[in-house]
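Lettering follows sequence order; numbering is per chain, from 1.
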Amino acid sequence: MTGPLAWFARRGPVGKPRIVPELPDVESFRQVFAAHAVKRPISGVDVLDAGVLRDVTADRLSRTLPGQRFSEPRRHGKWLIAPVGSHAVILHFGMTGSLYWTGPGEQPHRHDRVIFAFPDGELRYRDMRKLQGLRLVDSPRGVDDVLADVGPDATEVSRERLRELLDGRRKQVKAALTDQSIMAGIGNLLADEILWRARIHPRTSCVHLGRDELARLDAAMGRVLRQSIKAGRVPVTKSWLTGRRDDPSGSCPRCGTLLAHDRTGGRTTTWCPHCQPDEPVQPR
DNA sequence: TTGCATGTTCCGGA
DNA sequence: GTCCGGAACATGCA
C-alpha cells in the first residue's frame with residue numbers, strides 16, 4: 001500500500017487512544033484544580049523534574065508558594081491560570097500533560113513532574129513528553145505577557161466574531177481553527193470533528209467560506225465544544241468522527257463513506273470525501 | 001531500529 | 001505581510 005493510507009495501515013489495529021489535551025481536557029483539569037486546590041494553604045512544592053519549568057527555577061517555585069493559597073483558576077484556550085497572591089502559576093499541557101488529585105504521600109507516577117502539596121492531598125502535574133510546562137509569573141502583567149499572542153477563547157467566540165476572525169484570510173480553514181493566535185483551544189482532533197459536522201472540507205480557504213458555511217461552522221463549533229466540555233474530553237464514540245479516525249477502514253458516521261486521511265503540517269487530517277466535498281461553493 | 005504521536009515555536013522559502 | 005512545510009522539542013510505543 002502506498003500513499004497517505006500507507007502509514008495509517010502500518011499502525012495496525014486500533015490502539016488505545018492517547019489523550020492529548022485540548023480545550024475540554026484543560027477545562028476538566030481546571031475543575032480538578034478548583035475542587036481541591038483553591039483557598040487551602042500550600043504546604044509544599046516538590047519539583048521532581050525541572051525540565052517542565054519555564055522561566056522559573058525549582059528553588060524559586062518552592063520558596064514562593066508554600067504558605068500561600070491559590071484563588072479560583074481560569075482557563076484560556078489550552079492554558080490554565082491559577083492566581084496565587086501577587087503571582088500566578090500558568091500551566092500548559094502540551095501533548096501529554098494532565099493534572100490530577102491524590103491523597104497525601106501516594107507513590108508518584110514516573111511522569112509526575114511537579115507536586116503541589118496541601119494538608120489533605122496533592123495536586124500533581126504529570127507530563128510524559130515535557131513539550132510544554134509550568135510558569136510562575138507576576139500577576140496580572142506576567143499573565144498578559146504569556147497570553148499576548150493568544151486569541152480569544154473558542155467558547156466565547158460568537159458567530160459574528162468568528163466571521164471577523166476568519167475574514168479575509170486565505171489560510172485553510174482547518175489551519176485557522178487550530179491557530180491559537182486566531183482563536184484559542186481547538187486542536188487537531190476538535191478541528192476535524194467541527195469541520196466534519198459543518199460539512200466543510202478542511203482545506204477550504206477561509207475567503208471561500210460563505211454565509212451558510214460560517215453559520216454551520218459556528219453551530220458545529222458550539223455543539224462540539226459544549227458536548228466535549230460536558231464529557232470532560234472529546235468523546236470517542238461511534239457517532240463522532242473521533243471514534244472512527246484511528247480505524248484505517250473507518251467510515252463516516254453519517255453516510256458510511258470510507259474516511260479520507262492526509263497529513264498537513266505534520267498533523268493527521270481526517271474527513272469524509274462525500275460530506276465534505278473539495279473547495280466550494282458560492283463567494284461571500 | 002525506525003517512524004509516528006491529538007501541541008507550540010521557529011525558520012526558510014514562495 | 002501571509003502562508004506553508006519542515007524541523008525541533010522529549011518520550012513511549014508498535
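Comparing A:Arg113 and A:Gln172 by the nucleotide of DNA chain C whose heavy atom lies nearest to each, the residue mapping closer to the 5' end is A:Gln172. DNA chain C is contacted by both A:Arg110 and A:Gly266; A:Gly266 maps to the nucleotide lying nearer its 5′ end (nearest heavy atom per residue).
Pairing of B:dT6, defined by two Watson-Crick or G-U wobble distances under 3.5 Å, is not identified with any nucleotide. In this entry C:dA10 has no Watson-Crick or G-U wobble partner, no candidate having both defining distances under 3.5 Å.
Rounded to whole angstrom, the span from the CG atom of A:Asp55 across to the P atom of B:dT8 amounts to 17 Å. Atom CG in A:Leu23 sits roughly 18 Å away from atom P in B:dT6 (whole-Å rounding). Between A:Leu48 atom CG and C:dA10 atom C1' there is a gap of 17 Å when expressed in whole angstrom units. Rounding to whole angstrom units, CE of residue A:Met128 and C1' of B:dA5 are separated by 8 Å. In this structure, the CG atom of A:Asp247 is 17 Å from the C1' atom of B:dT6, given to the nearest Å. Look at CG on A:Asp246: it is 16 Å from P on B:dC4, rounded to the nearest Å. When the P atom of C:dC3 is taken as reference, atom NZ of A:Lys174 falls 17 Å away, rounded to whole Å. Rounded to whole Å, the distance from CG on A:Asp262 to P on C:dC4 is 14 Å.
Note on A:Lys78: a side-chain N or O is less than 4.0 Å away from OP1 or OP2 of B:dG7. In terms of phosphate contacts, A:Gln180 brings a side-chain nitrogen or oxygen within less than 4.0 Å of OP1 or OP2 of B:dT8. Remark: A:Arg263 is in phosphate contact with B:dA5, judged by side-chain N or O atoms under 4.0 Å from OP1 or OP2. Within the 4.0 Å cut-off from OP1 or OP2 of C:dT2, not a single side-chain nitrogen or oxygen of A:Lys171 is found. The phosphate of B:dT6 (OP1 or OP2) has a side-chain N or O of A:Arg267 nearer than 4.0 angstrom. Between A:Arg170 and C:dG1 there is no side-chain polar atom (N or O) within less than 4.0 angstrom of OP1 or OP2. In this structure, A:His111 reaches the C:dG12 phosphate: one of its side-chain N or O atoms is under 4.0 Å from OP1 or OP2.
Between A:Arg126 and A:Asp112 there is a salt bridge, since a side-chain N of the basic residue sits under 4.0 Å from a carboxylate O of the acidic one. Looking at A:Lys174 and A:Asp192, a side-chain N of the basic residue comes within less than 4.0 Å of a carboxylate O on the acidic one, giving a salt bridge.
A donor-acceptor pair is defined here as one N or O able to donate and one able to accept, closer than 3.5 Å; no such pair exists between the side chain of A:Gln132 and the backbone of A:His92. Between the side chain of A:His36 and the backbone N or O of A:Thr102 there is no donor-acceptor pair closer than 3.5 Å.
Nearest nucleotide to the A:Thr268 side chain, out of B:dT8, C:dC3, B:dA5: B:dA5.
No side-chain N or O of A:Asp59 forms a donor-acceptor pair with one of A:Thr57 less than 3.5 Å apart.
C:dC3 and B:dT6: their C1' atoms are spaced 23 Å apart (whole Å). Here the separation of C:dG1 from B:dT8, taken at their P atoms, is 24 Å to the nearest Å.
A:Arg54 comes within 4.0 angstrom of nothing in the nucleic acid, heavy atoms only.
Pairing each heavy atom of A:Glu72 with each of A:Ala34, the nearest pair is OE2-CB, 3.4 Å.
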